[in-house]
Asks: 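Below is one structure. I have some questions about it.
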Number of protein chains: 2
Amino acid sequence: MDEDSSGLFVIKLGGTEGVDFRAICQDVAALLGEGRRVVLVHGGSAEATALGESLGYPPRFITSPSGHTSRYTDRRTLEIFVMAVNGKINTFLVEQLQALGVNAVGLSGVDGRLLLAERKESIISVENGRRRIIRDDFSGKIEEVNVGFLHQLLENGYTPVVAPLALSRHGETLNVDADRAAAMIAAALGASTLILLTAAPGLLRHFPDENTLISELTLAQIDQALEAAQGRMKKKVLGAQEALEGGVKRVLIADGRVESPIRRALQGEGTTILA
Amino acid sequence: MDEDSSGLFVIKLGGTEGVDFRAICQDVAALLGEGRRVVLVHGGSAEATALGESLGYPPRFITSPSGHTSRYTDRRTLEIFVMAVNGKINTFLVEQLQALGVNAVGLSGVDGRLLLAERKESIISVENGRRRIIRDDFSGKIEEVNVGFLHQLLENGYTPVVAPLALSRHGETLNVDADRAAAMIAAALGASTLILLTAAPGLLRHFPDENTLISELTLAQIDQALEAAQGRMKKKVLGAQEALEGGVKRVLIADGRVESPIRRALQGEGTTILA
């Protein structure tokens with residue numbers, strides 16, 4: 001598909017509406033046919049939100065003092081997230097890949113201690129100008145990847161498909177950011193390329209103007225990129241930074257809504273970030 | 001825990017109310033501490049039914065011409081089953097085991113082609129005395145177990161926790177019976193013992209009189225046992241038969257509602273069926 005014939009690719013699929021799982025799975029099957037190895041990481045916030053609404057338990061969000069917004073994951077929200085993301089999305093992604101002949105294995109970070117994370121013991125939330133401390137949130141920041149487990153699967157011809165859950169040191173299931181999970185996995189595995197597929201053509205200089213795509217930048221310019229990035233894109237740029245600092249050669253942020261999304265990303269159609 | 005020190009145990013946990021997952025997980029941790037290897041298989045019908053009802057899509061059941069009742073698994077029911085069973089139950093069983101130091105890996109039969117099944121292409125349902133052919137049912141009968149994948153996990157110190165889904169030859173996800181999945185896995189792995197934990201003290205001669213427990217029988221007597229078995233217990237006895245005919249040395253049908261359920265089963269408190 002591109003000049004790099006030796007690569008291990010870590011590919012993250014957004015759960016956002018419009019991202020074409022079928023087209024991504026077809027490209028994954030083609031990559032494997034060319035002898036590449038792939039680890040997939042997926043999100044699923046939109047599906048979890050929809051399930052929570054159907055169950056009469058819509059998501060609530062926390063705004064940090066610095067203005068960041070995140071999902072408030074109490075235990076019931078975690079259950080809903082687990083059902084939607086590690087249940088439905090993960091299982092049916094594996095099904096789609098299997099139907100294309102890819103021997104996929106669905107996992108979350110809880111399985112085999114794949115992703116160990118530190119739980120955020122307390123979070124400060126700002127509501128109507130008042131600060132509140134939240135202590136029953138089950139989200140975390142990944143600290144360790146069980147690389148041996150992934151290698152063992154890859155060496156035996158399996159394609160891991162990873163849902164964004166992690167295990168705390170106390171054995172609790174935690175919700176983690178999927179872009180950063182993909183970045184941590186890519187760095188830990190020494191992947192050549194991390195591909196973040198999303199519902200945008202790449203990183204935009206002036207969001208949401210799709211004509212202002214930044215087609216290439218380097219790690220040295222990432223602070224500017226972080227300023228340009230809006231909303232969820234900030235996490236992708238942070239993930240890109242973590243991956244590159246961890247030894248990944250390049251990160252591609254590219255459109256997941258088109259035909260042949262991985263092939264196009266590798267041809268440079270999105271944003272390429274080099275170390 | 002018992003005289004057999006070399007064993008690989010396959011243990012099936014019912015999803016029925018009252019079965020004590022915490023007590024089972026504690027016994028599993030103890031077994032592993034004694035150097036045994038364990039594969040867990042779980043059900044989850046009750047959880048799937050509850051989720052379906054919460055989502056306004058309660059389960060429907062099919063009655064076969066011979067009077068057997070089974071869940072009608074159209075694609076939406078399959079999605080609900082996947083969320084409840086492969087999502088919630090599987091993930092939180094793995095979490096409980098991890099919190100006890102057991103390095104569990106949650107899987108379903110879709111992962112790594114662990115369980116290949118034949119889809120029931122058409123099912124005859126009897127409704128109000130009329131026969132109807134159902135063609136959109138996603139359930140199946142297991143035909144093949146990927147033993148290599150399970151061995152690979154066991155040899156590397158992982159404890160597989162298997163949800164009752166299988167993959168069809170056409171790459172479709174199918175709902176399969178968990179008792180028979182456990183039996184197929186036990187036979188394929190050459191397990192010494194299959195333990196079926198349920199919300200009853202064992203096989204009863206006169207259901208539901210718990211004073212009529214059959215404490216021991218042999219494969220030669222299984223036809224009588226099949227006649228005594230009521231409802232779900234019939235599948236367990238069928239599973240026991242399949243396991244014993246497949247080379248498993250003994251099957252224990254025992255109470256999953258008590259403290260130390262596995263230890264008690266191994267001490268002969270339930271029904272022991274020998275080859």
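A, B, ... follow the sequence lines: proteins, then strands. Residue 1 opens every chain. Note: hydrogens, waters and symmetry copies are ignored here, and every other heavy atom, side chains too, is used.
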Asks: Please classify the contact of B:Leu107 with chain A as side chain, backbone, both or neither, using a heavy-atom distance under 4.5 Å.
Replies: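 Side chain only.
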Asks: Specify which of B:Gln152, B:Glu79, B:Gln96 makes the most heavy-atom pairs with chain A at under 4.5 Å.
Replies: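 Greatest number of close heavy-atom pairs with chain A: B:Gln152.
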Asks: Sort by residue number and list every member of residues 138-149 of chain B having a non-hydrogen atom under 4.5 Å from chain A.
Replies: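 If one takes a 4.5 Å heavy-atom cut-off, the residues of residues 138-149 of chain B near chain A are B:Asn146, B:Phe149.
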Asks: How about A:Leu55 and B:Leu51: do any of their side-chain heavy atoms sit closer than 4.5 Å?
Replies: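 The answer is yes, as the side chains (C-beta and beyond) meet within the 4.5 Å cut-off.
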Asks: Below 4.5 Å, heavy-atom pairs only: which of A:Leu100, A:Asn156, A:Asn90 has the largest tally toward chain B?
Replies: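 That would be A:Asn156.
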Asks: For B:Val110 and A:Thr91, work out which heavy atoms get closest and say how close.
Replies: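 Heavy atoms of B:Val110 and A:Thr91 come nearest at CG1-O, 4.4 Å.
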Asks: Tell me whether B:Glu53 at atom CD has more than 12 heavy atoms from other residues, nucleotides or ligands lying less than 6.0 Å away.
Replies: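 Yes, enclosed.
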Asks: Go through the atoms of A:Ile89 and report whether side chain, backbone, both or neither lie under 4.5 Å from a heavy atom of chain B.
Replies: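 Contact with chain B involves no heavy atom of A:Ile89 at all.
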Asks: Measure distances from B:Leu97 to the heavy atoms of chain A and classify the residue's part below 4.5 Å as side chain, backbone, both or neither.
Replies: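 Contact with chain A: none, neither part.
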Asks: Is it the side chain or the backbone of A:Val85 that comes within 4.5 Å of chain B heavy atoms, both, or neither?
Replies: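 Looking at A:Val85, nothing touches chain B.
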Asks: Tell me every residue that passes side-chain hydrogen bond (donor to acceptor under 3.5 Å, both in side chains) with B:Asp74, counting only those two or more places apart in sequence or in another chain.
Replies: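 With sequence neighbours excluded, B:Asp74 shows a side-chain hydrogen bond (donor to acceptor under 3.5 Å, both in side chains) to B:Tyr57, B:Arg60, B:Thr77, given in chain and number order.
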Asks: Tell me the closest heavy-atom pair linking A:Val102 and B:Arg113, and the distance in Å.
Replies: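 Of all heavy-atom pairs spanning A:Val102 and B:Arg113, the closest is C-NH2, 3.7 Å.
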Asks: Under a 4.5 Å cutoff for heavy-atom pairs, which residue among B:Val82, B:Val105, B:Asn103, B:Val161 has the most contacts with chain A?
Replies: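 The answer is B:Asn103.
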Asks: Donor-acceptor check, side chain of A:Glu95 to backbone of B:Glu172, threshold 3.5 angstrom: yes or no?
Replies: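 Checking the backbone N and O of B:Glu172 against the side chain of A:Glu95, no donor-acceptor pair under 3.5 Å is found.
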Asks: Roughly how far, to the nearest 0.5 Å, is CG of B:Leu78 from NZ of A:Lys88?
Replies: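 Output value for this atom pair is 10.5 Å.
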Asks: Flag the one option from B:Gly171, B:Gly112, B:Ala99, B:Gly87 with the top tally of heavy-atom pairs under 4.5 Å to chain A.
Replies: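 Answer, by heavy-atom pair count under 4.5 Å with chain A: B:Gly112.
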Asks: Heavy atoms only, distances under 4.5 angstrom: which of B:Arg169, B:Gln98, B:His170 has the most pairs with chain A? Name it, please.
Replies: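 That would be B:Gln98.
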